Protein chains: 2
Amino acid sequence: MARAATTSDVFNAIAEPQRRDILVLLRTGERPVTELARELGMTQPGASKHLRVLREVGLVRDRKAGKQRLYGLDARGLRPVHEWAGGFERFWNESFDRLDAYVQELKQARQEE
Amino acid sequence: MARAATTSDVFNAIAEPQRRDILVLLRTGERPVTELARELGMTQPGASKHLRVLREVGLVRDRKAGKQRLYGLDARGLRPVHEWAGGFERFWNESFDRLDAYVQELKQARQEE
DNA sequence: CAATCATATTCCCTTATCGGCATGCGTCAA
DNA sequence: TTGACGCATGCCGATAAGGGAATATGATTG
């Protein structure tokens with residue numbers, strides 16, 4: 001089996017730097033594909049492909065506007081990512097050397113009481 | 001060019017569900033590889049491979065303990081992920097339906113002036 | 001040293017990427 | 001209707017992923 005499809009979940013979709021760039025750019029408002037590609041220095045087909053992935057995981061919505069197709073942000077899918085990473089918050093605030101070893105020692109000491 | 005290497009950055013490393021499982025499990029303390037593999041229902045080589053990726057992006061540390069090798073969490077690398085996703089917080093708090101409704105209200109209010 | 005246990009690495013296979021390029025398809029204007 | 005424009009899709013090539021199985025490496029014990 002190869003890596004799971006990027007279209008399968010949000011974590012995979014945002015693993016690609018250019019797709020993260022697209023999401024950040026879309027915070028400032030909707031954009032047609034060509035403008036997006038120009039602002040981020042990618043080809044039009046390239047942008048379309050990344051947008052497709054983002055659409056399939058629900059991070060982006062599109063609507064027709066005449067000849068153009070406007071892409072807009074739908075960031076709700078990023079909330080689980082934020083919360084998942086947030087679950088580790090207390091771990092990156094601690095000084096790390098030997099923290100686990102220290103915890104183990106505490107457990108042992110408690111059992112020996 | 002193919003997909004970027006999973007060892008290249010944290011976003012890629014956590015794109016794989018089993019690796020996220022490993023990180024979550026390690027919040028409860030250090031573990032030798034075999035125990036980790038057993039608790040998560042993966043093979044020993046499978047666990048070792050995932051741990052290698054996590055180690056190369058700095059999300060886990062290992063230390064020798066006799067015959068075993070204990071893996072422990074180093075969650076500092078998850079902080080950028082948390083912050084990046086947090087940058088979208090104000091966008092997921094408004095449902096899009098309500099946002100549209102809000103825009104309609106603005107339009108109406110403006111016409112009634 | 002030999003045997004054993006814990007872990008890492010290698011090889012093989014199937015599959016998914018990402019980029020470039022060409023082309024298809026829909027929409028609008030003349 | 002015929003172009004021109006905007007975007008999506010298809011195909012190709014190169015690369016790397018992740019699982020399984022076998023094997024190598026490393027440390028410990030007898």
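Each chain gets a letter, A, B and so on, in the order its sequence line appears, and its residues count up from 1. Computed from a prediction, not measured in an experiment: that's the story for all the values here.
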Under 4.0 angstrom between A:Gln18 side-chain N/O and C:dG19 OP1 or OP2 = yes
Between atom CZ in A:Arg55 and atom C1' in D:dT9, what is the gap in whole Å?
-> 11 Å
Using atom CD1 of B:Ile14 as one end and atom P of D:dG18 as the other, report the distance to the nearest whole Å.
-> 13 Å
Six-ring centre of B:Phe91, A:Arg27 cation under 6.0 angstrom, axis tolerance 45° | no
Where each residue is assigned the nucleotide of DNA chain C containing its nearest heavy atom, which of B:Asp62 and A:Ala65 is assigned the position nearer the 5′ end?
-> B:Asp62
D:dC7 phosphate, OP1 or OP2: any side-chain N/O from A:Arg52 under 4.0 angstrom?
-> no
Taking only N and O in the side chain of B:Thr6, is any of them less than 4.0 Å away from OP1 or OP2 of D:dA17?
-> yes
May I ask you to verify if any side-chain N or O of A:His50 is less than 4.0 angstrom from the OP1 or OP2 atom of C:dG19?
-> yes
Quick one: A:Met42 CE to C:dC18 C1', roughly how many Å, whole number?
-> 12 Å
Is the phosphate of C:dT27, meaning OP1 or OP2, less than 4.0 Å from a side-chain N or O of A:Lys64?
-> yes
Taking the six-membered ring of B:Tyr71, is NZ or CZ of B:Arg55 closer than 6.0 Å to its centre and within 45° of its axis?
-> no
Among B:Asp74, B:Leu78, B:Leu73, which one satisfies side-chain contact (heavy atoms from CB on, under 4.5 Å) with B:Leu59?
-> B:Leu78
Without swapping roles, check the side chain of A:Arg79 against the backbone of B:Ala85 for a donor-acceptor pair under 3.5 Å.
-> no
Map A:Thr43 and A:Ala4 onto DNA chain C by nearest heavy atom, then report which one ends up closer to the 5' terminus.
-> A:Ala4
Is a donor-acceptor contact shorter than 3.5 angstrom present between the side chain of B:Lys49 and the base of C:dT7?
-> no
Round to a whole Å and report the spacing from CD of B:Glu16 to P of C:dT17.
-> 13 Å
Let me know the distance between CZ of B:Arg69 and C1' of C:dC5, rounded to the nearest Å.
-> 15 Å
Return yes if a side-chain donor-acceptor contact under 3.5 Å exists between A:Arg31 and A:Thr34, otherwise no.
-> no
Looking only at side-chain N and O atoms, does A:Arg19 come under 4.0 Å of OP1 or OP2 in C:dC18?
-> yes
How is A:Ala47 classified with respect to the nucleic acid when contacts are heavy atoms under 4.0 Å: base, sugar-phosphate, or nothing?
-> nothing
For B:Leu70 and D:dG26, what is the distance between atoms CG and P respectively, to the nearest whole Å?
-> 19 Å
NA contact type, A:Gly66, heavy-atom cut-off 4.0 Å: base, sugar-phosphate, or nothing?
-> sugar-phosphate
Any A:Tyr71 side-chain nitrogen or oxygen under 4.0 Å from OP1 or OP2 of D:dA8 | yes
Round to a whole Å and report the spacing from NZ of A:Lys67 to P of C:dT27.
-> 12 Å
Please work out if A:Pro32 contacts a base, only the sugar-phosphate, or nothing of the nucleic acid, heavy-atom cut-off 4.0 Å.
-> sugar-phosphate
Starting at CD of A:Glu56 and ending at P of D:dA8, how long is that distance when rounded to a whole Å?
-> 12 Å
Could you tell me whether A:Trp92 and B:His82 have their ring centroids closer than 6.0 angstrom?
-> yes
Tell me whether the OP1 or OP2 atom of C:dC5 has a side-chain N or O from B:Gln44 closer than 4.0 Å.
-> no
How would you label the contact of B:Ser48 with the nucleic acid (heavy atoms, under 4.0 Å): base, sugar-phosphate, or nothing?
-> base
